[in-house]
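Report on the structure given below.
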Amino acid sequence: MTEITKSAHGAWSSRFTFILAATGSAVGLGNIWKFPYITGENGGGAFVLVYLACVLLIGIPIMIAETMLGRRSQRNPIETMELLTEEAGADKNWHYLGWMGVIAGLLILSYYSVIAGWATAYIAKAFVGSFFDADGTAIKTLFDDFVASPVQMIFWHSLFMAATLLIVVRGVNKGLEKAVQWLMPALFVLMLLLVGYAMTTDSYFQGLHFLFAPDFSKLTSSSVLTAMGHAFFTLSLGMGAIMVYGSYLPKGVSIAQTAFIIAGADTLVALLAGIAIFPIVFANNLHPDTGPGLIFQTLPIAFGNMTGGWIFGILFFVMLSIAALTSSISLIEPAVAWLVENKNVSREKACIWSGLAAWLLGLASIFSFNIWSNVKFFDRTLFQLLDYLTANLMLPIGGFCIAVFAGWIMKQQHSEQELNMPNAQSYQVWVVLTRYVAPLAVFFVFLHVVGVL
Ligand code: PFF
């Protein structure tokens, strides 16, 4: 058996900072931007229910598994897979899992930074008073004009990418920990405020009904795949981000308990975003299936018409940008950690190369909203294609492999020792979920989508 020794890898200063950083990675555009718009596109309540079931039965066990793999090896995802494969005496092909994570991270970062750029641009729009007294039509025009301009989008995309790199260059302790410490509580308070505004609209209950009353006739196999993919995306699972963070986690900390806290906070923020947004959608005769522009076409109406909306609007988009930042740093970290630890590249160079690759690819997503909006593959724009490929395919496949590896390949004695659960039953529940429930669920959803079932 390979001796697992500590590498030159960093470490979190405490369990609390791990929770903050992992929650920072999980809570981001996925919760506030993506969850509402895909819920709107997929018919509401039934979709939300499937998503919640996926978080509970697939997401949480895999989050525990992924954190555990990282912490056991205390190395970057590629080395983690190499080391643990050797420890378990398993096939070398498992190494590719680490690779897929690095690639998925950069692919996601490419379009994530574009949308985060929208959020950052909206800070400026809020500041100059663009939302003041505006109605749904004015806010829609504002958004349409913005996405029609590649130049503006490139500017904000570049700014956001530069901010990500600046933090990542400073390394795990100095950069990442500080950024998340005050953000999460502040974001939470602002979401509550928006829910408060939504309550004052006369469509509050219509919004709640849309979000929580399941109508299963609206559920298709592709919406089930989207819900499952989103459970991975929103919890940052299946690509090594949580594995990297787990590798910085001190030994002795309860992984299962922390996973529940992180998943709980993440789900809460998403639901609050939904509760805030849909009443505004209905109150202003907008359509739930507006697509990626949904929050940018709804929330500014609230800010433009509520007391103190100027300052709340600015604060909201500042928070959203920072929430995106604490996620984007975790998207690039697997690639950077690998370049630094295996290729002897300096941290600066590793950041620049990875960032440049993601930035360049981001241009394709930018153009797919304007000059390349007619360029389609499999009926999808480049942005939609990247999103589908990563969130709906790569993350669930990565998660499936992580579950199989942790549940079947790794020696039970090792996982039991690493997880150190308070009692044998909890460990058994995790084993059943990780060995059978999670991988089979992913497998059957895929079969369904390709039309076999
Ligand atoms: N979880 C992030 C969000 O919901 O915005 C996105 C994300 C971050 C996905 C890190 C995957 C990842 F590894």
Side-chain angles (χ1 to χ4, degrees), residues 20-39 51 54-55 59-60 62-63 66-67 69-70 76-77 97-98 100-119 160 164 167-168 176 179-180 183-184 187 191 226-247 259 262-263 265-274 292 295 319-338 354 358 386-399 402:
L20 281 175
T23 313
S25 166
V27 176
L29 295 175
N31 308 62
I32 298 170
W33 159 75
K34 194 172 179 191
F35 171 72
Y37 100 73
I38 56 176
T39 299
Y51 153 76
C54 289
V55 166
I60 293 178
I62 292 184
M63 180 177 260
E66 196 174 328
T67 314
L69 298 185
N76 66 64
L97 187 53
M100 192 170 80
V102 167
I103 294 167
L106 293 180
L107 292 181
I108 296 177
L109 180 62
S110 76
Y111 66 86
Y112 202 83
S113 165
V114 171
I115 308 295
W118 295 2
F160 183 83
T164 303
I167 297 185
V168 178
L176 311 193
V180 276
L183 173 81
M184 288 302 137
L187 186 67
M191 295 308 304
T226 306
M228 183 183 75
H230 189 64
F232 284 97
F233 185 88
T234 191
L235 296 175
S236 306
L237 296 177
M239 54 142 281
I242 290 295
M243 204 186 279
V244 171
Y245 280 11
S247 73
I262 296 161
D266 186 77
T267 308
L268 194 64
V269 174
L271 293 179
L272 285 177
I295 67 160
M319 303 274 156
L320 185 60
S321 305
I322 302 176
L325 204 54
T326 57
S327 302
S328 65
I329 52 188
S330 73
L331 284 164
I332 201 173
E333 184 66 21
V336 171
W338 175 71
S354 324
L386 275 169
D387 177 38
Y388 189 87
L389 180 74
T390 51
N392 289 11
L393 302 181
M394 290 176 93
L395 298 187
I397 292 173
I402 288 169

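In listed order, ligands and their atoms are each counted from 1. As the structure is a computational prediction, the values presented were derived from the model and not from experiment.
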Report task. Could you tell me whether a side-chain N or O of T234 sits under 3.5 Å from a main-chain N or O of H230, the two making a donor and an acceptor? Result -> no
Query raised in the report: Who passes salt bridge (charged side-chain N to carboxylate O under 4.0 Å, His left out) against D266, sequence neighbours left out?
Result: none
Report summary line: If you compare S25, S327, S328, A26 by their heavy atoms, the one closest to atom 4 (O) of ligand 1 turns out to be A26
Query raised in the report: Is there a donor-acceptor pair under 3.5 Å between the side chain of W33 and the backbone N or O of I295?
Result: no
Query raised in the report: Short N/O distance, under 3.5 Å, between G30 and ligand 1?
Result: yes
Query raised in the report: Between N392 and L389, is there a donor-acceptor pair closer than 3.5 Å when you use the side chain of the first and the backbone of the second?
Result: no
Query raised in the report: What is the closest protein heavy atom to atom 8 (C) of ligand 1, and at what distance does it sit?
Result: S236 OG, 3.3 Å
Query raised in the report: Is ligand 1 less than 4.0 angstrom away from at least one heavy atom of Y112?
Result: yes
Query raised in the report: Would you say S25's side chain and A21's backbone share a donor-acceptor pair under 3.5 angstrom?
Result: no
Requested in this report: Please identify which atoms of ligand 1 are closer than 4.0 Å to at least one heavy atom of A241.
Outcome: 13 (F)
Query raised in the report: Which protein non-hydrogen atom lies closest to atom 12 (C) of ligand 1, naming both residue and atom, and how far is it?
Result: L331 CD2, 3.3 Å
Query raised in the report: Near L29, which atoms of ligand 1 are under 4.0 Å from a heavy atom of that residue?
Result: 5 (O)
Query raised in the report: Does an N or O anywhere in M239 fall below 3.5 Å from an N or O of ligand 1?
Result: no
Query raised in the report: Is there any N or O on I108 that sits under 3.5 Å from an N or O of ligand 1?
Result: no
Report summary line: min-distance protein heavy atom vs atom 1 (N) of ligand 1 -> F233 O, 2.8 Å
What donor-acceptor contacts under 3.5 angstrom involve side-chain atoms of residues 104-111, with partners at least two apart or in another chain?
unit_1 : atom_1 : unit_2 : atom_2 : d
S110   : OG     : L107   : O      : 2.6
Y111   : OH     : D387   : OD1    : 3.3
Y111   : OH     : T390   : OG1    : 3.1

Requested in this report: Measure from the side-chain N and O atoms of S327 to the backbone N and O of G24, and report whether any donor-acceptor pair falls under 3.5 Å.
Outcome: yes
